[in-house]
S.K.: 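Take this structure, written in structure tokens, and hold onto it; I'll ask about it next.
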Amino acid sequence: MAVDLLLGLQWGDEGKGKIVDVLTKDYDIIARFQGGPNAGHTLEFDGHKHVLHTIPSGIFHEGTINLVGNGVVIDPVIFKRELDNLAKFNLDIKKSLLISRKAHLILPTHRLLDAASEASKGKAKIGSTLKGIGPTYMDKTGRNGIRVGDLEMDNWQEKYRALADKHEAMIDFYNVDVQYDLADLEAEFFKAVEVLKSLTFIDSEEYLHQAQQNGKTILAEGAQGSLLDIDFGTYPFVTSSNTTAAGACTGLGVAPGKIKEVFGIFKAYTTRVGSGPFPTELFDEAGEIMGRVGNEFGATTGRPRRCGWLDLVALRYAVQVNGVTQLIMMKGDVLSGFDTLKVCTAYNYKGETIQHFPYNIEAENVTPVYTEMKGWQADLTKMTEASQIPQALNDYIDFLEKELEVPIKIVSVGPDRKQTIHR
Ligand code: GDP
Ligand code: IMO
Ligand code: MG
């Protein structure tokens, strides 16, 4: 059986959580393959609004297995909080949530190192979520990390001590003002580790192999977005994992040839939270409207998201790098009411007009070239059928499909599970 893949094509927060939840009914297993609690995936259904950080977005569907893959980094403290927030739903977590032994742990000192690193950079800071993501992946590739499977061994606390002591020395080295009480943080951490240990740890690559042999359907859930990919994103203003399609292979142990559909998800406009270049960013009323109507505040940090027009140069690049086979367009409802909409189809780059995503997209090098489109006025949020889509929105969709050469199969018109149109 094949594995399908859903990932973000922009700078994150495209609405991955909502769509994974919508698609879960078609899958036996939902598997997160990278990132950690830097992610905030929002689900709305039956009057509930719920934000997940580490736990896959299929968790609310009875009978679905949710797997936290080896490519994910887990902060036991945040994980425990996520579990506490799920308590009211009476889910059988021990059965429906499985954790890879090879997933790495975020330690309290990783969080402190993230803060120290950001403080030391001053204005050049990444604007990270301060969840310890960068330092944890650094320890993973530096071959110093502590993994979930280590918790089953007797000597893991010795490993922990040695690593935490080293981190403290590194924090001192940064020579910035980071206040902390490690004893307090460790008490919280060790308590949370005990909760984590009560869950089901598995050799997830073997589990997924067997699942495929047995004809189970699997959807791999991405976090962040393609433009935050450590290799292909707007480096250094990126996260520390491969958010693109290849990340699903390394983050789950799924062979490339087993991946079938690649669902690429994007907003009808663009947002970004944190630092880094953003060619179509708006500083005018249009951007303010997108932020306000779209409620563009980070699901993890609460920071306002920067907003701008849809950037097809960046989107084409993401479609290409991921091999997207189906597109999903989110938040069309937020653009209702604009007389005209702009879509960036090329960049003026150092005196030339280009259509590919160049090495450097800093504002001094790149000016977006826009095509204007007619806006739509209708309230889309009650629509459930493709036949209800207004003509101007259909024209917008047709234009994007032509430019991207991939069909748009789902149009989302509101945050709720039900506000979803299949085409
Ligand atoms: P994720 O990180 O990709 O899962 O996305 P987030 O949850 O961080 O951000 C998406 C936000 O948009 C959330 O607040 C969702 O509830 C909301 N949302 C998702 N789809 C739509 C939509 O079609 N229209 C509107 N208005 N909001 C949406
Ligand atoms: P979801 O899964 C949006 C951004 C941060 C920062 C950069 C690096 O909800 O789409 P990190 O903490 O990873 O070291 O931060 O990446 N970032 C996100 N932006 N959505 C996310 O996740 C993000 N996760 C990280 O704002 O600019
Ligand atoms: Mg998010």
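Remember, it's 1-based here, ligands and their atoms both numbered in the order they're listed. Every value quoted in this text rests on a predicted model; they were computed, and no experiment measured them.
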S.K.: Is Lys16 close to Leu6 at the side-chain level, that is, under 4.5 Å between some pair of heavy atoms?
M.R.: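 Leu6 vs Lys16: side chains touch.
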S.K.: Would you mind running through ligand 2 and noting each atom that sits below 4.0 Å from a heavy atom of Trp11?
M.R.: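 The list of qualifying atoms is 3 (C), 19 (N).
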S.K.: Considering the heavy atoms of Met330, write down every atom of ligand 1 situated less than 4.0 Å from one of them.
M.R.: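 Listed by number with element, the hits are 20 (N).
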S.K.: With side chains defined as the heavy atoms from C-beta onward, is the minimum distance between Ile65 and Tyr27 less than 4.5 Å?
M.R.: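 A side-chain contact is absent here, since even the closest heavy-atom pair is not under 4.5 Å.
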S.K.: Do the charged groups of Asp398 and Lys402 touch, with an N to O distance under 4.0 Å?
M.R.: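 Here Asp398 does not pair with Lys402 in a salt bridge, since their nearest N and O are not under 4.0 Å apart.
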S.K.: Here's a test for you: under salt bridge (charged side-chain N to carboxylate O under 4.0 Å, His left out), which of Arg272, Arg303, Lys331 qualifies with Glu296?
M.R.: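 The option that passes is Lys331.
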S.K.: Closer than 4.0 Å to some heavy atom of Lys16 - which atoms of ligand 2 meet that?
M.R.: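 Every atom of ligand 2 under 4.0 Å from some heavy atom of Lys16: 1 (P), 2 (O), 10 (O).
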S.K.: For the Mg ion (ligand 3), check which protein N, O or S atoms are under 2.8 Å away and list them.
M.R.: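 Correct list: Asp13 OD1, Gly40 O.
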S.K.: Please work out which of the three classes, parallel, tilted or perpendicular, describes the rings of Phe278 and Trp11, given edges at 30° and 60°.
M.R.: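 Ring orientation of Trp11 relative to Phe278: tilted.
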S.K.: Which atoms of ligand 1 are found less than 4.0 Å from any heavy atom of Ala299?
M.R.: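 Atoms satisfying the 4.0 Å criterion: 8 (O).
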S.K.: In the protein, which heavy atom is nearest to atom 8 (C) of ligand 2, and how far is it?
M.R.: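 For atom 8 (C) of ligand 2, the nearest protein heavy atom is Val238 O, 3.3 Å.
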S.K.: Look only at interatomic distance and state if Ile133 has a nitrogen or oxygen under 3.5 Å from any nitrogen or oxygen of ligand 2.
M.R.: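 No, no N or O pair falls under 3.5 Å.
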S.K.: I'd like to check which ligand 1 atoms, numbered from 1 as shown, lie under 4.0 Å from a non-hydrogen atom of Val334.
M.R.: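 Going through ligand 1 atom by atom, the ones under 4.0 Å from Val334 are 26 (N).
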S.K.: Purely on distance, is any nitrogen or oxygen of Leu130 under 3.5 Å from one on ligand 2?
M.R.: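 No; the residue has no nitrogen or oxygen that sits under 3.5 Å from a nitrogen or oxygen of the ligand.
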S.K.: Taking side chain as C-beta onward, heavy atoms only, is Leu83 less than 4.5 Å from Val195?
M.R.: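 They are in contact (side-chain heavy atoms under 4.5 Å apart), so the answer is yes.
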S.K.: If hydrogens are left out, which of Gly40, Gly8, Gly15 has an atom nearest to atom 2 (O) of ligand 1, that is, the closest non-hydrogen atom?
M.R.: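 Comparing heavy atoms across Gly40, Gly8, Gly15, the nearest one to atom 2 (O) of ligand 1 lies in Gly40.
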S.K.: Polar-atom distance check: Asp114 versus ligand 2, any N or O pair below 3.5 Å?
M.R.: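 In this structure, Asp114 places no N or O atom under 3.5 Å from an N or O of ligand 2.
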S.K.: Answer yes or no on whether Arg417 is positioned over the face of Phe45, meaning its NZ or CZ is under 6.0 Å from the six-membered ring centre and within 45° of the axis.
M.R.: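 Because its charged atom sits under 6.0 Å from the ring centre and within 45° of the axis, Arg417 does stack over Phe45.
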S.K.: Is Asp4 reaching over with its side chain to a backbone N or O of Glu261, donor-acceptor style, under 3.5 angstrom?
M.R.: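 Here the side-chain-to-backbone pair exists.
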S.K.: Any heavy atom of Arg272 sitting closer than 4.0 Å to ligand 2?
M.R.: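 Checking ligand 2 against Arg272, which is what was asked, there is no heavy-atom contact under 4.0 Å.
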S.K.: Name the option, out of Asp333, Asp13, Leu52, that contains the heavy atom nearest to atom 25 (C) of ligand 1.
M.R.: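 That would be Asp333.
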S.K.: Which pairs with one or both residues in residues 112-124 pass salt bridge (Lys or Arg N to Asp or Glu O under 4.0 Å), sequence neighbours excluded?
M.R.: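 Qualifying pairs, neighbours excluded: none.
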S.K.: Using heavy atoms and a 4.0 Å limit, tell me yes or no: is Ser240 in contact with ligand 2?
M.R.: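 No.
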S.K.: Which of the numbered atoms in ligand 1 are under 4.0 angstrom from any heavy atom belonging to Lys18?
M.R.: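 Answer, ordered by atom number: 20 (N).
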S.K.: Report yes or no: does Gly127 have a heavy atom closer than 4.0 Å to ligand 2?
M.R.: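 Right, Gly127 reaches ligand 2.
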S.K.: Take every heavy atom of Arg305, measure it against each atom of ligand 2, and state whether any distance is under 4.0 Å.
M.R.: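 Per 4.0 Å heavy-atom rule, Arg305 does not contact ligand 2.
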S.K.: For Lys131, state whether at least one heavy atom is located under 4.0 Å from any atom of ligand 2.
M.R.: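 Lys131 does not count as a contact of ligand 2 under the 4.0 Å cut-off.
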S.K.: Enumerate the atoms of ligand 2 whose separation from the nearest heavy atom of Leu228 is less than 4.0 angstrom.
M.R.: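 Here the atoms of ligand 2 in question are 4 (C), 16 (O), 17 (N), 18 (C), 19 (N).
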